[in-house]
Amino acid sequence: MDPLGQKLRDIQERLRELGLERPRLVETKEEFGDLAVPLHREREPVSLARRLARELSIPGVRAEALGPYLNLRFEPRALEEMLKEGVGEMGEDFGRLPRKGLRVLLEHTSANPTGRLHVGRARNTLIGDSLRRILEFSGYDVYTEYYVNDLGRQVAILVWGLLNLESLGLGEPRNIDDYSEVYVKANACGPPEDEIRDIIRRYEEGEAGLKDFVRRHISKIMEELLAELEEYGIRFDGTFWESDLAWDGSARDALRRLERRGIVKYEGKAAYVEIGGEKIYLTRSDGSTLYVLKDVAYHLNKAGRCDLMVNVLGEDHKLEAKVLSELLRSLGAPEPRVVIYSFVSLPEGRLSTRAGRVVYLKDLVQEAIERASAEVEKRRISGPEAARAIGLGAVKFNYLKVQPQKPISFRWEDALNFEGKAAPYVQYAHARACSILEKAGSVPPWVTGSLVADEERSLMFQLLKFPSVVEKAAEILAPNLVAEYLLKVADRFNAFYQKHRVLQSEEPVRSARINLVNATRIVVKNGLYLLGIEAPEKM
RNA sequence: GGGCGCGUAGCUCAGCAUGGACAGAGCGACGGCCUCCUAAGCCGUAGGUCGCGGGUUCAAAUCCCGCCGCGCCCGCCA
């Protein structure tokens, strides 16, 4: 249900009929119209523009030639009818795309389970959870998974700390913060390399006592970590433990499959493949499996459970992702789509748990909610739930509005920004809309034909773009498109709100405007949902 | 040294994939707007060699090449 998208396709089709091979519709300035078709590449563009303007004849679209451009402007009535159709058919679900019958397995976060999430890793989580919502909304069946790297060096260091609590001067850890402390202190100690290697080897072999010990502790950390995320509205459908790939033999199977392709070579027991002249080791000289091999096994496993794999990874994993893809390709296995994001840094440098240069997500969220609370109390319109939605929303929005590949420099003042390009600005537009609708009592039947003001036209056009924004965001895996879009919707709504009265206007304008406000409310609410942000009705 | 990413207003960023009409926002600064549906809002002013240099094109922030700066990676770590 995308009336505007359909209309645009009609226009392109008509332009093809009129002789344009590849009609390009570009956005243009208000003064020129809604869309423009640049014709410079055609023969005699100026007279062509005039001819096209004469012959286009698409109902509801005014065509005008201006130099080598064919400018198109929708008549307000046409926009109003499309919006009425879209919202009428989809209701609260306006923007949602038809089910595709395709399963997406979305892996994100997958942080080493050694402590709390900090504001750097949070970027992975927030992008991941937003993608979950965007993909689901655009018609996929989404399953989210957290890959638990329990066979890695980081976990081994934590385990070493847990085995040496007394000498570290620590007691039995009771919560995730205690575990963080164990991890930091263990690191600071510089545990002997052979002991770490020994832990990894014995755990990978599934030595009974150690296996239970590690699983018990890491499970506790994971439980708390996931519980915190759940509080933020971030949900995983499951976890997948790296160690299982070693214990159930699937890492070995992956190696055998690669061997059958004849690309595996050996140095003693250390298996490797050559990619671009580089040796990529798959096993150690003691025969134990390396990360990339388990990653291959993991992706073969995932491929069997879905139609499309999506991974959210930090920029430090770029090369690994490339190698993984090459290996999967050589097996003729499906490759994942990967979203790479750049690091978040602090003004004083790179985040580092070990160096104590770290801001935890929990503290950021807490601070944001406190600030929102102060403001909410001053206004006396809404309550603590709104404060929570606003504070948490501001944090999420500030991450999601920037393209993943751009670096983020974390500053408290920016992260806690509540004005301008921020969640509260969008939420505020929603609250204003809700307020009008509440006073209106109900949404009357929509009789089209009376929304003719520029601000109304412009808002309607913007609202109608929502389905295509959802589609594009899902296609290129970019939550920032949704954030950008919502800011524009809020801009247009505010312009409308500033200039026109809804409740005090005469019928039939009044009823039509109430419907327009309702459509805005739905789009904003759904858009915020896609970013994992709640839309309070009062604030 | 090599690979990948980033470089647009004082700061944070849109625009770049599919090149088009005078480069857009927010924050900060300055000046206005609440007897009127929520002022977390609106309007206005100031602020730009789109990193630098070439090239392609009727047209380049956008495409190509070179250079500079920053980030990430280049482990029998994960």
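So you know, we letter chains A, B, ... as the sequences are listed, proteins then strands, and number each from 1.
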query = In terms of ring plane angle, is the pair A/Tyr203 and A/Trp247 parallel, tilted or perpendicular, where the classes change at 30° and 60°?
reply = perpendicular

task = Taking only the side-chain heavy atoms of A/Tyr497 (C-beta and beyond), determine which of B/C77, B/A21, B/C37 contains the nearest atom.
result = B/C37

note = Of the listed B/C77, B/C37, B/A40, the closest approach to the A/Leu290 side chain comes from B/C77

Spacing of A/Tyr485 atom OH relative to B/C13 atom C1', expressed in whole Å = 21 Å

inquiry  = Tell me whether the side-chain N or O atoms of A/Asn494 pair up with the base of B/A39 as donor and acceptor below 3.5 Å, since no angle test is needed here.
reply    = no

ask   = Of all the nucleotides listed (B/A78, B/A40, B/A21), which has the minimum atom distance to the side chain of A/Met539?
value = B/A40

message = Within the 4.0 Å heavy-atom criterion, would you say A/Ala440 contacts the bases, only the backbone, or no part of the nucleic acid?
response = nothing

Value in whole Å for how far the P atom of B/A40 lies from OH of A/Tyr425 = 13 Å

key: A/Leu158 CG to B/A78 C1', straight-line distance once rounded to whole Å   = 15 Å

task = Please determine, for the side chain of A/Arg411, which listed nucleotide (B/C76, B/U12, B/C37) has the closest atom?
result = B/U12

message = Under 4.0 Å, counting only non-hydrogen atoms across every strand here, what does A/Val376 touch: a base, just sugar-phosphate, or nothing?
response = base

ask   = Within the modelled atom types, does a donor on one side and an acceptor on the other bring the side chain of A/Lys318 and the base of B/C4 under 3.5 Å apart?
value = yes

message = Suppose you measure atom P in B/C27 against the same atom in B/C42; what distance do you get, rounded to whole Å?
response = 8 Å

ask   = Charged N to carboxylate O below 4.0 Å: is that the case for A/Lys499 and A/Asp454?
value = no

ask   = With a 3.5 Å cut-off and just heavy-atom distances, do the side chain of A/Ser285 and the base of B/C76 make a donor-acceptor pair?
value = yes

key: Within 6.0 Å of CD in A/Glu274, more than 12 heavy atoms from elsewhere   = yes

note = Side-chain atoms of A/Asp316 come closest, of B/A21, B/A78, B/C72, to B/C72

key: Stems formed with participation of RNA chain B [Watson-Crick or G-U wobble, under 3.5 Å, three or more pairs]   = B:1-7 with B:68-74, B:10-13 with B:24-27, B:29-33 with B:41-45, B:51-55 with B:63-67

request  = Give a yes or no on this: more than 12 heavy atoms of other residues, nucleotides or ligands lie within 6.0 Å of atom CD of A/Glu455.
outcome  = yes

key: Closest to side chain of A/Pro424, choosing from B/C74, B/A40, B/C76   = B/A40

Side-chain-base donor-acceptor pair under 3.5 Å for A/Glu31 and B/C22 = yes

ask   = For atom C1', what is the distance between B/C72 and B/C65, given to the nearest Å?
value = 24 Å

key: Nucleotide of B/C72, B/C77, B/C58 approaching A/Glu315 most closely (side-chain heavy atoms)   = B/C72

Interatomic distance where CG belongs to A/Leu39 and P belongs to B/A21 [whole Å] = 14 Å

request  = Using atom CD of A/Glu107 as one end and atom C1' of B/A78 as the other, report the distance to the nearest whole Å.
outcome  = 12 Å

Interface polar pairs with nucleotides 14-17 of chain B, N/O, under 3.5 angstrom:
from, atom 1, to, atom 2, distance (Å)
B/A14, OP1, A/Gln403, N, 3.1
B/A14, OP2, A/Lys406, NZ, 2.9
B/G15, OP2, A/Gln403, NE2, 2.3
B/A17, N6, A/Lys472, NZ, 2.3

key: Proximal nucleotide (of B/C42, B/A78, B/A40) relative to the A/Glu375 side chain   = B/A40

ask   = Which nucleotide in the set B/C72, B/A40, B/C36 lies at the smallest distance from any side-chain heavy atom of A/Ile390?
value = B/A40

query = Are A/Phe240 and A/Tyr146 near enough that their ring centres are under 6.0 Å apart?
reply = no

remark   = In whole angstroms, the gap separating C1' of B/C70 from CD of A/Gln405 amounts to 16 Å

request  = Send over the distance from A/Asp414 CG to B/G28 C1', rounded to a whole Å.
outcome  = 11 Å

message = Rounded to whole Å, how long is the line connecting atom CD1 of A/Ile275 with atom C1' of B/C73?
response = 15 Å

request  = Please work out if A/Ile381 contacts a base, only the sugar-phosphate, or nothing of the nucleic acid, heavy-atom cut-off 4.0 Å.
outcome  = base

Among B/C76, B/A21, B/C72, the one nearest A/Glu267 by side-chain distance = B/C76

